[in-house]
Amino acid sequence: MERIFIHVNDEVLICECADNTSSGALLDKLKAGDLDLDMSDYGGFEKVADLGFSLPQNNEPMHTSAGDVILYLGKTFSIYYGQNSWNLTRIGIITNKNEAELKSILGNSDISIRLSLKQ
């Protein structure tokens with residue numbers, strides 16, 4: 001299974017990628033180099049950032065939970081630390097942190113992250 005490493009301060013979140021064209025397209029982008037994103041809090045349950053480019057969408061109705069990594073409208077990258085229900089595209093799921101750890105790492109303010117294929 002393919003992985004994306006999400007670097008937040010001194011922490012590394014490991015995202016196990018979904019098997020879809022959205023994840024595949026993001027992985028292809030990351031092969032050209034790391035991607036830095038400035039994320040802001042949205043709704044008290046997720047961090048969001050504009051990718052600056054569009055990816056294919058594989059939307060489906062879903063109930064998100066902490067650790068879900070989601071694509072919204074083909075161009076918004078989201079990391080969930082809470083729950084929501086909507087028509088979304090799954091990029092993957094963070095496997096090495098639980099809900100409490102994610103809330104602590106992501107915090108309540110804006111953050112900068114780096115997406116990478118290397119830990």
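Note that the coordinates shown come from a computational prediction; the quantities given were computed from them, not determined experimentally.
Between Leu27 atom CG and Ile4 atom CD1 the span is 4.5 Å, to the nearest 0.5 Å. Interatomic distance, CG of Leu88 versus OG of Ser22, reported as 11.0 Å (0.5 Å rounding). To the nearest 0.5 Å, the span separating OG1 on Thr21 from CG on Leu55 amounts to 9.0 Å. A distance of 8.0 Å separates OG of Ser112 from CG of Asp36, quoted to the nearest 0.5 Å. In this structure, Asp38 CG and Ile113 CD1 are separated by 9.0 Å, a value rounded to the nearest 0.5 Å. Rounding to the nearest 0.5 Å places CD of Glu11 at 10.0 Å from CG of Leu106.
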Checking side-chain contact (heavy atoms from CB on, under 4.5 Å) for the pair Asp34/Leu115: CA distance, chi angles, key distance, verdict? CA-CA 6 Å; Asp34 294 354; Leu115 303 180; over 6 Å; no
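Listed by chain and residue number, Ser116 satisfy the side chain to side chain contact (heavy atoms under 4.5 Å, CB included) test with Lys118 (two or more places apart in sequence, or in another chain). Listed by chain and number, the residues in a side chain to side chain contact (heavy atoms under 4.5 Å, CB included) with Asn96 are Leu13, Ile14, Ile94 (sequence neighbours excluded). Applying the side chain to side chain contact (heavy atoms under 4.5 Å, CB included) rule to Asp110 yields the partners Ser40; only residues at least two apart in sequence or on another chain are considered. The salt bridge (charged side-chain N to carboxylate O under 4.0 Å, His left out) check on Asp28 picks up Lys31, with sequence neighbours excluded. When the salt bridge (charged side-chain N to carboxylate O under 4.0 Å, His left out) test is applied to Glu16, the partners found at least two apart in sequence or on another chain are Arg3. Among residues two or more places apart in sequence or in another chain, the salt bridge (charged side-chain N to carboxylate O under 4.0 Å, His left out) test is passed with Glu2 by none. In this structure, the salt bridge (charged side-chain N to carboxylate O under 4.0 Å, His left out) partners of Lys103, at least two apart in sequence or on a different chain, are Glu99. Partners of Thr64 according to the side chain to side chain donor-acceptor pair (under 3.5 Å) rule, which considers only residues two or more places apart in sequence or in another chain, do not exist here. In this structure, the side chain to side chain contact (heavy atoms under 4.5 Å, CB included) partners of Asn59, at least two apart in sequence or on a different chain, are Gln57, Asn87, Thr89.
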For residues 70-77, which side-chain N or O atoms pair as donor and acceptor with protein atoms under 3.5 Å away, sequence neighbours left out?
none

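Applying the side-chain hydrogen bond (donor to acceptor under 3.5 Å, both in side chains) rule to pairs touching residues 42-56 yields Asp41-Lys47, Glu46-Ser78, Glu46-Tyr80, sequence neighbours excluded. Sorted by first then second residue, the ring-ring contact (aromatic ring centres under 6.0 Å, His included) pairs that include residues 92-119, not counting sequence neighbours, number zero.
Residue Met39 comes nearest to Ile79 through the heavy atom pair SD-CD1, 3.9 Å, listed as atom of the first residue, atom of the second, then distance. Residues Gly67 and Leu102 come closest through the heavy atom pair N-CD1, 3.3 Å. When all heavy atoms are compared, the tightest approach of Asn20 to Arg90 is ND2-O, 2.8 Å.
The cluster map of Ile, Leu, Val, Met, Phe, Trp and Tyr, joined by side-chain heavy atoms under 4.5 Å apart, puts Ile93 and Leu117 in different clusters. One hydrophobic cluster, built from ILVMFWY side chains closer than 4.5 Å, cannot hold both Trp86 and Val69; they sit in different ones. No continuous path of ILVMFWY side-chain contacts below 4.5 Å connects Phe5 to Leu37, so the two sit in separate hydrophobic clusters. Each of Ile111 and Val48 belongs to its own hydrophobic cluster when Ile, Leu, Val, Met, Phe, Trp and Tyr are linked at side-chain heavy-atom distances under 4.5 angstrom.
You'll find the side chain of Leu51 reaches within 4.5 Å of the side chain of Leu35, heavy atoms only.
Residue-environment remark: CG (Asn98) exceeds the threshold of 12 foreign heavy atoms within 6.0 Å.
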